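Down below is the structure, laid out as structure tokens.
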Amino acid sequence: MTQKKVLVTGAMGQIGSELTGELRRRYGSENVIATDIRKLEGKLAESGPCDILDVTDRAAVFALIHKYGVNTIYHMAAILSATGEKHPSLCWNVNMNGSINIMDAAVELDLGTVIIPSSIAVFGPETPRFDTPQETILKPKSMYGVTKVCGELLSNYYVKNLGVDIRGVRYPGIISSETPPGGGTTDYAVDIFYKAVEEGRYTCFVKEDTMLPMMYMPDCIKATIDLAEADKEKLIHCCEYNLSALSFTAGDLTAEIRKHIPDFEVTYEPDFRQAIADTWPASIDDSAAREEWGWKPDWDLENTTRDMLDKLQARG
Ligand code: NAD
Ligand code: AKB
């Protein structure tokens, strides 16, 4: 079997940083190349090969793949929803041109599996809000959502017409304790834990009754690698799997944290991100992922909350 040589783009980000660690444990540190437009630092830089890579620089993408003999890509570089609304042309450029460069490299350099994430941001106000089906209306209102729908369509085009093995999931909001999130609408579900531990109070930027789909990082990493390793023949919705784990309101999350920190105070002051959250689903039907590659989450809200607080409190 050919030795895997894995490229992770956006490796300094919330998902990329933890994904790189797990990929290095599985495939050997020297076989996983962490890249980002930002300087690579900390554990990532110390534990294996690293390089600066701007995914919008086509020549640099091709050169780096050549340099390391890359045959597998986890393309995590992106601009998320909140930053995307502030900088729509940057969001379009990074999310679309960055992904096209990765897809073209996969075709021209005859690479293996390429993971290109999508998001619940593909959905919009016309989409059924509860148990959102796999096949449904995709009319997002954010620039980020527009790039994610286009990314799915383009990925499908490259799979069907150009023979590339692209796979992707529609991640919900990801909760994690290692790397802070990078400018999304679901960031409150991470920030709230840091503030609960550090200050005992939090000002939440969405309303108390805002319900969104979420997932704890260990499930996110498991889903991503399981999909990459799944039997290609069984993948019908290869580039756009709905993925579900948790669904809760900001108020539910506050109540769960209060079981551990009874005096925790939360006030709700919705900002521009409320309008984005209001167009996204509350819960997701992920039966296609369950049927086609055996997806099943391990973490519920109770265990996620306990683990997040344990990790952040242990850090002091
Ligand atoms: P993040 O914002 O934490 O990290 C993205 C990384 O990309 C950053 O380190 C940033 O420096 C880098 N980057 C930005 N522009 C770049 C460029 N031109 N070239 C190279 N790198 C660049 O994002 P994340 O949360 O880790 O998201 C990873 C993927 O998962 C993205 O496609 C995102 O849309 C998707 N996703 C994430 C979530 C979530 O809740 N974290 C949910 C749904 C989908
Ligand atoms: C965001 O809020 O932008 C991301 C996402 C759900 O895609 N976390």
Side-chain angles (χ1 to χ4, degrees), residues 7-20 34-42 44 50-58 60-61 64 73-87 90-102 114-123 140 142-149 151-152 155 168-176 178-191 205-206 210 212-217 219-221 223-224 239-243 245-246 272-277 279-281 284:
L7 164 64
V8 182
T9 71
M12 285 288 284
Q14 187 192 7
I15 299 177
S17 54
E18 294 201 44
L19 180 63
T20 302
T35 67
D36 202 288
I37 195 169
R38 293 185 279 157
K39 186 167 182 289
L40 289 111
E41 290 171 332
L44 270 187
C50 290
D51 229 314
I52 297 277
L53 178 65
D54 176 353
V55 293
T56 66
D57 181 343
R58 189 178 176 86
V61 168
L64 189 130
I73 302 180
Y74 289 77
H75 175 46
M76 297 292 142
I79 302 296
L80 275 70
S81 59
T83 308
E85 283 315 278
K86 289 186 178 156
H87 305 285
L90 173 71
C91 183
W92 176 265
N93 187 29
V94 174
N95 296 6
M96 293 316 306
N97 293 326
S99 296
I100 289 170
N101 289 339
I102 295 291
V114 177
I115 293 289
I116 302 188
S118 187
S119 161
I120 53 164
V122 295
F123 303 118
S142 67
M143 175 55 90
Y144 173 67
V146 169
T147 67
K148 289 296 178 186
V149 173
E152 287 186 1
S155 296
V169 292
R170 293 168 176 159
Y171 291 128
I174 305 300
I175 298 173
S176 69
E178 298 306 305
T179 306
T185 301
T186 58
D187 292 13
Y188 66 89
V190 181
D191 300 345
F205 61 76
V206 298
T210 301
L212 288 173
M214 303 277 178
M215 174 180 287
Y216 196 31
M217 186 60 92
D219 273 337
C220 170
I221 301 297
T224 308
C239 310
E240 59 208 19
Y241 285 101
N242 277 6
L243 216 53
L246 313 168
F272 73 101
R273 291 167 282 194
Q274 182 70 50
I276 302 174
T279 67
W280 289 356
I284 302 282

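What you are looking at is a predicted structure, and each value in this text was computed from that prediction instead of being measured. If you read the sequence from its start, that first residue is 1, and numbering goes on from there. Atoms within a ligand are numbered from 1 in the order they appear, just like the ligands themselves. Side chains included, hydrogens not; waters and symmetry mates left out as well; all remaining heavy atoms used.
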Extract all N/O-N/O pairs under 3.5 Å that connect ligand 2 to the protein, and present each with both atom names and the distance rounded to 0.1 Å.
unit_1	atom_1	unit_2	atom_2	d
ligand 2	2 (O)	Ser81	OG	3.4
ligand 2	2 (O)	Thr185	N	2.6
ligand 2	2 (O)	Thr186	N	3.1
ligand 2	2 (O)	Thr186	OG1	3.4
ligand 2	3 (O)	Ser81	N	3.1
ligand 2	3 (O)	Ser81	OG	2.5
ligand 2	7 (O)	Ser119	OG	2.6
ligand 2	7 (O)	Tyr144	OH	2.7
ligand 2	8 (N)	Thr186	OG1	2.8

Quick one: nearest non-hydrogen protein atom to [atom], plus distance?
| atom | result |
| --- | --- |
| atom 4 (O) of ligand 1 | Gly13 CA, 3.2 Å |
| atom 31 (C) of ligand 1 | Ala78 CB, 3.5 Å |
| atom 20 (C) of ligand 1 | Leu53 O, 3.1 Å |
| atom 24 (P) of ligand 1 | Ile15 N, 4.0 Å |
| atom 23 (O) of ligand 1 | Leu80 CD1, 3.4 Å |
| atom 16 (C) of ligand 1 | Ile37 CG2, 3.7 Å |
| atom 11 (O) of ligand 1 | Asp36 OD1, 2.6 Å |

Under 4.0 Å from a heavy atom of [X]: which atoms of ligand 1 are those, numbered in the order shown and with their elements?
| X | result |
| --- | --- |
| Gly173 | 40 (O) |
| Arg38 | 8 (C), 9 (O), 11 (O) |
| Ser119 | 43 (C), 44 (C) |
| Pro172 | 40 (O), 42 (C), 43 (C) |
| Asp54 | 17 (C), 18 (N), 19 (N) |
| Tyr144 | 33 (C), 34 (O), 35 (C), 36 (N), 43 (C), 44 (C) |

Under 4.0 Å, heavy atoms only, figure out whether ligand 1 is touched by the backbone of [X], its side chain, both or neither.
| X | result |
| --- | --- |
| Thr179 | neither |
| Val55 | both |
| Lys148 | side chain |
| Ser118 | backbone |

**OP:** Evaluate the criterion side chain to side chain donor-acceptor pair (under 3.5 Å) for residue pair Ser118 and Glu240; output intermediate values, then yes/no.
**Re:** CA-CA 7 Å; Ser118 187; Glu240 59 208 19; over 6 Å; no

Original post:
Can you tell which of Met12, Gln14, Met76 gets a heavy atom nearest to atom 25 (O) of ligand 1?
Top reply: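 The residue whose heavy atom sits nearest atom 25 (O) of ligand 1 is Gln14.
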
